[in-house]
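To find a chain, count down the sequence lines: A is the first, B the second, and so on, and within it residues start at 1.
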Amino acid sequence: GQNIDQPTEMTATEGAIVQINCTYQTSGFNGLFWYQQHAGEAPTFLSYNVLDGLEEKGRFSSFLSRSKGYSYLLLKELQMKDSASYLCAVKDTDKLIFGTGTRLQVFP
Amino acid sequence: KAGVTQTPRYLIKTRGQQVTLSCSPISGHRSVSWYQQTPGQGLQFLFEYFSETQRNKGNFPGRFSGRQFSNSRSEMNVSTLELGDSALYLCASSLAARRGLLEQYFGPGTRLTVT
């Protein structure tokens, strides 16, 4: 079956670093996406990993280990505007299978 | 470049009715995917269209259908609405090639409430 697990909620302090984990078990794998979704808004693309290793993009980094079925999103220098849901999605052929998302709350 | 647009943004229907939602992709994008988002289930894939053909389908009943036009605009239809169909319906477009799906850009969604 298809299964993508993420923590439901996380909290962190402004200026800190937070790591959001995602584990997956899918019948196919052609890459992993991370999306950010603010309340009441559409998801926006953050990162895409298809090979093992770390992809860095400004304050955000994403890591993938295909052998472990594991990814994480690392957010540095947290800002209040980073309070949002973070969605992990696995590309299975031409479908995106989403986890239920991690709601991150950043406190001052 | 204009983003993905969806109409209407909000809709209230009663059980048993049918509804049609519309999505206009980013100019040049030929792939359109539809998702249903609910608090308990998260984002669930409905179907994907590429060049007017349904290329992939999720695990939803036949009451959910869609189509794509030659200008890549897409519509989805839900017939015989049920209370459980209340959700945010998101459309995403992609600069997909025949070999597969690339990064997706989401529209603002249509919030459907079934009473």
So Tyr35(A) and Leu43(B), do their side chains get closer than 4.5 Å, heavy atoms only? no
Leu87(A) reachable from Met10(A) in the ILVMFWY side-chain graph, under 4.5 Å edges: no
If you group Ile, Leu, Val, Met, Phe, Trp and Tyr by side-chain heavy-atom gaps below 4.5 Å, do Leu46(A) and Phe63(A) land in one group? no
Pairwise disulfide bond (SG atoms under 2.5 Å apart) hits with a residue in residues 30-93 of chain B, at least two apart: Cys23(B)-Cys91(B)
Can you establish whether the number of heavy atoms outside Arg15(B) located under 6.0 Å from its atom CZ is more than 12? no
Listed by residue number, which members of residues 98-105 of chain A have a heavy atom under 4.5 Å from any heavy atom of chain B? Phe98(A), Thr100(A)
Chain A heavy atoms under 4.5 Å from Gln37(B): which part of the residue, side chain, backbone, both or neither? side chain
Under a 4.5 Å side-chain heavy-atom rule over Ile, Leu, Val, Met, Phe, Trp and Tyr, are Tyr72(A) and Leu75(A) clustered together? no
Answer with yes or no whether the hydrophobic clustering places Val114(B) together with Leu46(B); edges join I, L, V, M, F, W, Y residues whose side-chain heavy atoms lie under 4.5 Å apart. yes
I need the minimum non-hydrogen distance between Phe106(B) and Ala42(A), along with the two atoms involved. CB-CB, 3.9 Å
Minimum heavy-atom separation for Phe45(B) to Leu96(A), with atom names? CB-O, 3.9 Å
When you look at CD of Gln79(A), are more than 12 heavy atoms from neighbouring residues, nucleotides or ligands closer to it than 6.0 Å? yes
Of all residues at least two apart in sequence or in a different chain, which pass the salt bridge (Lys or Arg N to Asp or Glu O under 4.0 Å) check with Arg66(A)? Asp52(A)
Could you tell me whether Leu54(A) atom CG has more than 12 heavy atoms of other residues or ligands within 6.0 Å of it? yes
Looking only at heavy atoms, which of residues 57-67 of chain B get nearer than 4.5 Å to chain A? Lys57(B)
Which region of Ile97(A), side chain (C-beta onward) or backbone (N, CA, C, O), has a non-hydrogen atom less than 4.5 Å from a non-hydrogen atom of chain B, or is it both or neither? neither
Cluster check Met76(B), Val4(B): I/L/V/M/F/W/Y, side chain < 4.5 angstrom: no
